[in-house]
2 protein chains.
Amino acid sequence: MGVVTTGPAAPGIRREHLHASVSDPVLDTMNFLNEVTMRFPDAISFAPGRPYDGFFDLDEVNAYLRRYLDHLAELGRSPEELRSAVFQYGPTAGSIREIIAESLHVDEGIVAEPESIVVTVGAQEAMVLALRALISSRDDVLLAPAPCYVGIIGAARLFDVRMATFAEGPDGLRCADVEAAVLEQRAAGRRVRLLYLVPDHSNPLGSTIDLATRHEVLELAERLDFHILEDSPYRLVSAGRQLPTLKSLDAARRVVHLGSFSKTLFPGARVGFAVADQTVVGADGRSGLLADELGKIKSMITVNTSSLSQAVVAGMLLASGGGAARRNGEAAKRYGNAMDATLRELEHRFPAQRRRAVGVEWNRPTGGFFLTVTVPFAADDRALERSARRHGVIWTPMSYFYPDGGGDTAMRLSVSYLSAAEIVDGVARLARFVDDELEG
Amino acid sequence: MGVVTTGPAAPGIRREHLHASVSDPVLDTMNFLNEVTMRFPDAISFAPGRPYDGFFDLDEVNAYLRRYLDHLAELGRSPEELRSAVFQYGPTAGSIREIIAESLHVDEGIVAEPESIVVTVGAQEAMVLALRALISSRDDVLLAPAPCYVGIIGAARLFDVRMATFAEGPDGLRCADVEAAVLEQRAAGRRVRLLYLVPDHSNPLGSTIDLATRHEVLELAERLDFHILEDSPYRLVSAGRQLPTLKSLDAARRVVHLGSFSKTLFPGARVGFAVADQTVVGADGRSGLLADELGKIKSMITVNTSSLSQAVVAGMLLASGGGAARRNGEAAKRYGNAMDATLRELEHRFPAQRRRAVGVEWNRPTGGFFLTVTVPFAADDRALERSARRHGVIWTPMSYFYPDGGGDTAMRLSVSYLSAAEIVDGVARLARFVDDELEG
């Protein structure tokens, strides 16, 4: 057999001949952050939005796999069927839909038929499926707050989907802004088909939509005929009572709920799901579920979600009473403590009078991984580089999360991956960096 | 918390408001096959293209996971790093690229830098990435043989990619047909960017491209400036010496090689990869690898491939000398025997004189899962239904694999999942079905 060698004149592919999504500046920004992180390995980093992995025990993986297989055996499946459940291609829509439906009931009070669920490779694939299904023409619009999670921007770029935004501040969105944005698109001859929301402890802002606004947004979706993509990965890793999900209030089936086990079980599984219980009616009068259509699209992207990952995720859920909440008490407490410590240290370094004087502010998230700090100077790549080099502290420029520009004087702090000591030290460094910038 | 209830007047989503890909007839055809299979559970089915799972041992999954973790420990990784390797988000391009590069060398004589590899959720995601990267305008064309694997048709539909085809018969493609198709697109003002090929024991035909034609196609790609997507999942599960991959002959880096472990290790892992060692040159003169661009797109679709699945796949490769070939000797023999038995039984039921008289033909694949039987009547859905109901035998209409129609009098037989006894009985049933159709 031969061996690959590069011909001397291999011309290369011109970048402008590749699809535009690979050159999208919003999706390229993270590169700089990664570079800075590599160059300053000793810096304390408020950048990564990763779950803490100290609670995870490698030795338990096999026990969870066995737990799921025992469950199948209890259901009367043969040893050959157990083997196939892990070995073979599985159903495109997933093999653990009943178990996920049960977890939604246990954890969230959501009653979802297993048939309305599609198991996906993380919530990211669920976003991709929903976007591909529901955006069908050049005049269809995806609406999202600015700033928003970079994954939804990426999914939109992938399909050349037109995206519109409305401003959201650190204290949460206002329904009037959503309505104005929808009407503005209508006036331009376009149609908002989907509104993307992270209602609880959002990434990047750390904001939460209050209960009244949840009802208002649902009513607006019904009145102005759009659907809502609800993405809420931080609820079960947040301490205290959470507001009801949009899906649990969704009498008119306007919500496609995106689920993720990346924060509650483990990201390495890459198991998420969509609840898509909307009826789809064909021209011939035949109807089915939106979930069926998402499944068709999934068959063109990943065929099915790893059977092995699904089995381990199912075993973890079965082993903790059917839901993910019960196994996340300790994690939620840890993240809550980290958030409290960060807010306390910010208060300590920037007492009320001082922060008013210099123009530093932050929000006070009730859960999740993120908070927003606003500063009176450009918190851009150059500032980040100075922060890392001179003060040994890294954060994420909020501007990274604006699809059309904005957020120039804000930073996102993530608290999920730091120890208590790192938070104390990190906020002190951040304060010295801010001082330096103010003096500079 | 609330509970979902359907409002009495939930209007439903009109199907024509969904993206066209969900209504594509080619992607809908499999539904009928699935229905027939469900309705006639006692029929012998030559339909499923699944690998045989008798060689897979559930008890070994944990051993493979440990094997990979031991490997990381030998490389000096800490216990925390081992935990993170399974638990956390991994690198978008994959965490086992070195091990896959080694397997390509051991199994295929392909020398690929780990940096040129992107680990994907099966070869299907690799197709999606390559298609999204390399098709950048409405005038870019994906060229494929007709018939072809339904997954590439699906990937094209997903991105509204223009697809052109050229005819391929059961005995393999001719380079002149490829060239004519490329030139025809040029004459129409369009540009073929990608040619999709399954060079070895193709799905659905079972055809193989001979060595001279491999060299010709590579030369053509260079001369007419297109890239080749090489998808070859059946090589290592086929007995005997295989022809060199296109990638191993690819001095000019015209080939993006798609890899799959679904046939050689297990489909439930959903681990595949792309080798994309092409240079991409920006307008600013900076260059990188096509693999980097595929990784960017992957970050918008699945973020990364299941770390757990990658770990088990890596452990399986490490446990069998670094490659997948060595562990597939027995499987290749089994599939080879199944193919031989099917050909023998066809010969037995349709001796030369008889088949010439009635107009029945088939090809003689040297490996893989599939062969083509041509009959002198319409082998369509209605014929399939009669075959299942009256004669208890199921096959796949070849027309399912034609994006623009064709293949009306051919059937695909898959031999991978049947026992020797089922093959004898199944071909006898098939012969009775053919007799019946000829008489009818």
Side-chain angles (χ1 to χ4, degrees), chain A residues 1-5 7 10 12-15 17-19 22 27 50 53 56 58 62 83-84 86-89 109-111 121-122 124-125 128 132-133 136 154-155 158 244 248-253 266-270 278-283 293 296 300-303 306-309 312, chain B residues 1-5 7 10 12-19 22 50 53 56 58 62 83-84 86-89 109-111 121-122 124-125 128 132-133 136 154-155 158 244 248-253 266-270 278-282 287 293 296 300-303 306-309 312:
Chain A
M1 288 192 205
V3 152
V4 178
T5 52
I13 300 167
R14 281 160 60 195
R15 204 160 201 279
H17 286 164
L18 300 182
H19 186 254
V22 300
L27 302 170
R50 309 175 127 204
D53 45 14
F56 186 76
L58 269 182
N62 196 47
R83 184 177 62 197
S84 288
V86 174
F87 175 84
Q88 276 293 2
Y89 294 105
I110 293 175
V111 175
V121 183
Q124 183 67 34
E125 193 195 20
V128 165
R132 176 68 319 176
S136 61
L158 193 67
S248 70
L249 304 171
D250 178 33
R253 303 209 177 189
F266 67 115
R270 303 307 300 127
Q278 286 72 24
T279 304
V280 173
V281 186
E293 312 295 331
K296 268 189 220 169
M300 309 176 209
I301 301 180
T302 58
V303 183
S306 164
S307 307
L308 178 62
S309 284
V312 172
Chain B
M1 290 191 204
V3 152
V4 177
T5 50
I13 301 166
R14 279 160 59 195
R15 203 159 203 282
E16 65 265 34
H17 286 165
L18 301 182
H19 186 256
V22 300
R50 310 174 126 204
D53 46 13
F56 187 77
L58 270 181
N62 196 47
R83 186 178 59 196
S84 288
V86 174
F87 175 84
Q88 277 292 4
Y89 294 105
I110 293 175
V111 176
V121 182
Q124 183 66 33
E125 193 194 21
V128 165
R132 177 66 319 177
S136 62
L158 192 68
S248 70
L249 305 170
D250 178 34
R253 303 207 178 191
F266 66 115
R270 304 306 301 132
Q278 287 72 25
T279 303
V280 173
V281 186
S287 70
E293 312 295 332
K296 267 188 221 169
M300 310 176 210
I301 302 179
T302 58
V303 183
S306 164
S307 307
L308 178 61
S309 284
V312 172

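Throughout, a chain's letter reflects where its sequence line sits, starting with A, and its residues are numbered from 1. Given the structure is predicted, the values throughout are model-derived calculations rather than measurements.
For the set A/His17, A/Glu125, A/Arg14, the count of heavy-atom pairs under 4.5 angstrom toward chain B peaks at A/His17. Taking B/Leu58, B/Thr302, B/Asp53 one by one and counting their heavy-atom pairs under 4.5 Å with chain A, the maximum is reached by B/Asp53. Most heavy-atom pairs under 4.5 Å with chain A: of the set B/Gly122, B/Gly282, B/Gly154, B/Pro267, this distinction falls to B/Pro267. Top candidate by heavy-atom pairs under 4.5 Å with chain B, chosen from A/Asn62, A/Val303, A/Val312, is A/Asn62.
Under the 3.5 Å distance criterion, the side-chain polar atoms of A/Ser306 are left unmatched by any main-chain donor or acceptor of B/Arg270. Side-chain N or O atoms of A/Arg132 include none that pairs as donor or acceptor with a backbone N or O of B/His19 at under 3.5 Å.
Of all heavy-atom pairs spanning B/Gln278 and A/Ile13, the tightest one is CB-CD1, 3.7 Å.
By the side-chain contact (heavy atoms from CB on, under 4.5 Å) test, B/Ser307 is found to be paired with B/Asn304, residues two or more places apart in sequence or in another chain being considered. Legend: residues meeting side-chain contact (heavy atoms from CB on, under 4.5 Å) with B/Arg15, ordered by chain and number and at least two apart, are A/Val280, A/Glu293, A/Lys296, B/Ser23.
Summarising the geometry, atom CZ belonging to B/Phe266 is positioned 13.5 Å from atom CZ belonging to A/Arg83; distances are rounded to the nearest 0.5 Å.
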